[in-house]
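Below is one structure, written out as structure tokens; the observations come after it.
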Number of protein chains: 2
Amino acid sequence: MTPMPRTMQTGSFRWMKSINKSIILNVIREKGPIPRAEIAKVTQLTPPTVTNIVGELLDAGIVVESDLGESTGGRKPILLRINASAFSVIGVYAGVDKIRAMSADLDGNLEGEAEVPIPPNPDRSFYIRSIIDTIHQLAAPIHHSGRPLLGIGVGMSGWVDHEQGISLSCPSLNLRNIPLRDLLEREFSVPVEVENGVRTLAMGESWFGEGREIADFICVHIGNEVNAAFVKEHSLVYSPSFTAGELGHTTVDIEGPLCGCGNRGCLEVFGSSVAMVRRAQEGLDQGVISSLNHHEGPLSERVLFEAAREGDEFARAVLVDTGRYLGIGLANIVNLFNPRRIILCGDLISEVPYVLHSLQETVEQRALATPVADVTIVPAGLGRNGGPMGAVTLVLMKLFQPQH
Amino acid sequence: MTPMPRTMQTGSFRWMKSINKSIILNVIREKGPIPRAEIAKVTQLTPPTVTNIVGELLDAGIVVESDLGESTGGRKPILLRINASAFSVIGVYAGVDKIRAMSADLDGNLEGEAEVPIPPNPDRSFYIRSIIDTIHQLAAPIHHSGRPLLGIGVGMSGWVDHEQGISLSCPSLNLRNIPLRDLLEREFSVPVEVENGVRTLAMGESWFGEGREIADFICVHIGNEVNAAFVKEHSLVYSPSFTAGELGHTTVDIEGPLCGCGNRGCLEVFGSSVAMVRRAQEGLDQGVISSLNHHEGPLSERVLFEAAREGDEFARAVLVDTGRYLGIGLANIVNLFNPRRIILCGDLISEVPYVLHSLQETVEQRALATPVADVTIVPAGLGRNGGPMGAVTLVLMKLFQPQH
DNA sequence: GTAGAATAATGCCAGTTTATTTATTGAATA
DNA sequence: TATTCAATAAATAAACTGGCATTATTCTAC
């Protein structure tokens, strides 16, 4: 349904054109290579309008004519596609233990990669310096190639004001109010987009992963925290102070154990990575039989995965249990939103199948029949590259949106 | 941010005009009486465009020129307002124990009311007949007055397909697949809108209640079930099978008591009206001291309210406890969505203050600090009239939306 | 010749710009 | 005090223009 317009954007010629231009550009991106006539058909625009707008896109160099398509009894159609090499884009995923970055063309094809490790509790200026250095590693060859840099996208875990481009707070790094956009725009002189971690992943999945064919979905990242991002009509849903999505701090057990947030029985107390490792350690301390008893050094997520892969029943049980808890949280989301798809990110999902299976089973059991029938719960399509890819997508989005 | 257009509505002249027309109409409705010059200012449209479109609205009779405004050193502005008496609208709230209906003008001013009681477990055709009869009671005088009937809105508890206008399932009435739109359009020969109960209430609040000044909010109805409706940009958010909003069936207690849905520890098991009455009865059975011990007949919500008002400590404790449970469910919503406002409907909220206060306190305690600071949780502004008013709004919405 | 792709020429809708009319205030003047 | 006349603001008329729509034409293949 068309949204209620109240005091929204009014119609004008420039606006109408920018909308149509954006629609055509997106059709070429998604369905290309595609001839003009086909664009006219799917967009309901008239052929002359398409020709006119495509002309401007060709002039701008964002679109190129490539091959001729097959004729079915008439002139061969001239296929149009995005000129992927018109720009390069840099995407950075600024995590807690490392900074990962990639450069890509307009189709999201990988052009370069860089990674810098971050020690625990980094100094503020060191962390910023690391981000800048990582980007420089990728920017240098781009500059050298002569291809223009369209922009830089940054996905950063924690609380982010994407409008101002500020990392408001990143608890696991103990850093606050880093004006990343300003810092990076000054350093690199290109537009910078900054977004929260899960929302960055969600945009990556929307364009290049499991969200491609679907306008509305929910993306959930499971790590030391559990966060959700809501995608509606291919766009992120925002909230007043950008804090929506705190799935990890929804109560699933009224009188449950205390959580770091001060509340009781938060999903994060049961379903996060740290919670899982803690539960495994408790089991071992209570004398459970497991190969993990022979493990040296502190228990970790990775160690649990390894043990589970090698057949350790206890490790698997811990993973299955974690999946069950997460399934309860996701069943709540299924009942509350009736989404068509939930995309799951994080090592807990991508590294071993046990969590996912148990989670899916729990949702089947606990959520209502009708919404369960609508939803598919899938692991992220981009896996470990999701972060940088998502950050690249943040920049691409701007190019493909109506300008002004 | 402008939404990503993918294959959305393309820009055309008709579309542009219908958007601008709708914007102007809404500005007149919300800010009227208002002169043309002021409309131009707030919408950013040029004065001639406003004059032109207002001309059409005047011709159509939806808008009228009323008084002259105060001059501040120039020609007095001609104030425009919605011609409220251009149409009548009928709104019906089809509940479990009664059908309530009202007729109103375009400003939502009450013109007539009707109510028909429904006995338990009504026959399908009896129920449909009752709805039709109720509407006839209001339609007759409208027909007599000669004022055209714009349409009929129906809010119906349970699962509704608003696109087809079908009540898919109403568990508490044990009725299924009632094609209300078809039935009523055939009977009354005017457009009919059918919508789910909470979503109907939400639209009423959005236009005439606590949602007037706010584009995004969440409306929660607490009764024998607990349901939510999400409003984004003044419009309802929809989901694949129209089942979004099942807040009552989100788990708040992993190993909690069984719920009718088959799951455990659903919010509804703790926070609904029936759950509250059940808990009170359990307390009494266990010998709690209360004036309720002297009450004759079965315990009910109403009896509890009365006892609480008269100072019964146990009754108040039961209400406070219910508020606490509901607060946990709402804290989850606050963390998950970071909404600016939550509007609460239902007797539990409107009849006594204890539930609301306890609920608000619980949310303050249990939700995260940042989203809590953004949200205000308020009782519905329309109270017991919310249902029929919301149903009226369903019809008004269509008039004020862009046509086609 | 026919069919389909692409485009050129023209039309026309609807917002924009510019100028004009109408109506009021208020200060200067008689 | 009454009259005149800028100044100001609302509303509209006239002319302009941007951009989609319609129609006709060209191009290329079957």
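Below, chain A is the first sequence line, B the second, and so on; all start at residue 1. A quick note: this is a predicted structure, and the numbers were derived from the prediction, not measured.
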Worksheet item: For B:P47, which contact category applies under a 4.0 Å heavy-atom criterion: base, sugar-phosphate, or nothing?
Response: base
Practice prompt. Using atom CD1 of B:I78 as one end and atom C1' of C:dT22 as the other, report the distance to the nearest whole Å.
Written response: 10 Å
Discussion item. Parallel, tilted or perpendicular, judged at 30° and 60°: which one describes the rings of A:F13 and B:F13?
Written reply: perpendicular
Practice prompt. Answer yes or no: are there more than 12 heavy-atom neighbours, outside B:R340 itself, under 6.0 Å from its atom CZ?
Written response: no
Practice prompt. Quickly work out the A:M16 CE to D:dG18 P distance and round it to whole Å.
Written response: 13 Å
Worksheet item: Can you check the B:F13 CZ to C:dT16 P distance for me, whole Å?
Response: 12 Å
Discussion item. What is the distance, to the nearest angstrom, from the CG atom on B:L45 to the P atom on C:dT16?
Written reply: 7 Å
Worksheet item: Of B:K17 and A:P35, whose closest DNA chain C nucleotide lies nearer the 5' terminus?
Response: A:P35
Discussion item. Within residues 49-63 of chain A, which residues have any heavy atom lying less than 4.0 Å from an atom of DNA chain C?
Written reply: A:T51
Worksheet item: Any donor and acceptor pair, going by atom type alone, linking the side chain of B:T393 with main-chain N or O of B:M389 inside 3.5 Å?
Response: yes
Item to complete: Assign A:P48 to base, sugar-phosphate, or nothing according to its heavy-atom contacts below 4.0 angstrom with the strands shown.
Response: base
Worksheet item: For A:N20 and D:dG18, what is the distance between atoms CG and C1' respectively, to the nearest whole Å?
Response: 13 Å
Donor-acceptor contacts, no H, no angles, side chain residues 35-42 of chain A, under 3.5 Å, sequence neighbours left out:
from  : atom 1 : to    : atom 2 : distance (Å)
A:R36 : NH1    : A:E65 : OE2    : 3.4
A:R36 : NH2    : A:E65 : OE2    : 2.8

Worksheet item: Counting only N and O atoms by type, is there a donor-acceptor contact under 3.5 Å from the side chain of A:D216 to the main-chain atoms of A:E233?
Response: yes
Worksheet item: Do the side-chain N and O atoms of A:N83 and A:S85 include a donor-acceptor pair separated by under 3.5 angstrom?
Response: yes
Worksheet item: Which of the following nucleotides, C:dT16, D:dA29, D:dA10, is nearest to the side chain of A:K76?
Response: D:dA29
Discussion item. Over 60° means perpendicular and under 30° means parallel, so tell me whether B:F337 and A:F230 are parallel, tilted or perpendicular.
Written reply: parallel
Worksheet item: Taking atom C1' of D:dA11 as reference, at what distance in whole Å does atom CG of B:L79 sit?
Response: 13 Å
Discussion item. Output the rounded distance in Å from CZ (A:R14) to C1' (D:dC20).
Written reply: 17 Å
Item to complete: Write down the distance between CZ (A:R36) and P (C:dG4), rounded to a whole number of angstrom.
Response: 19 Å
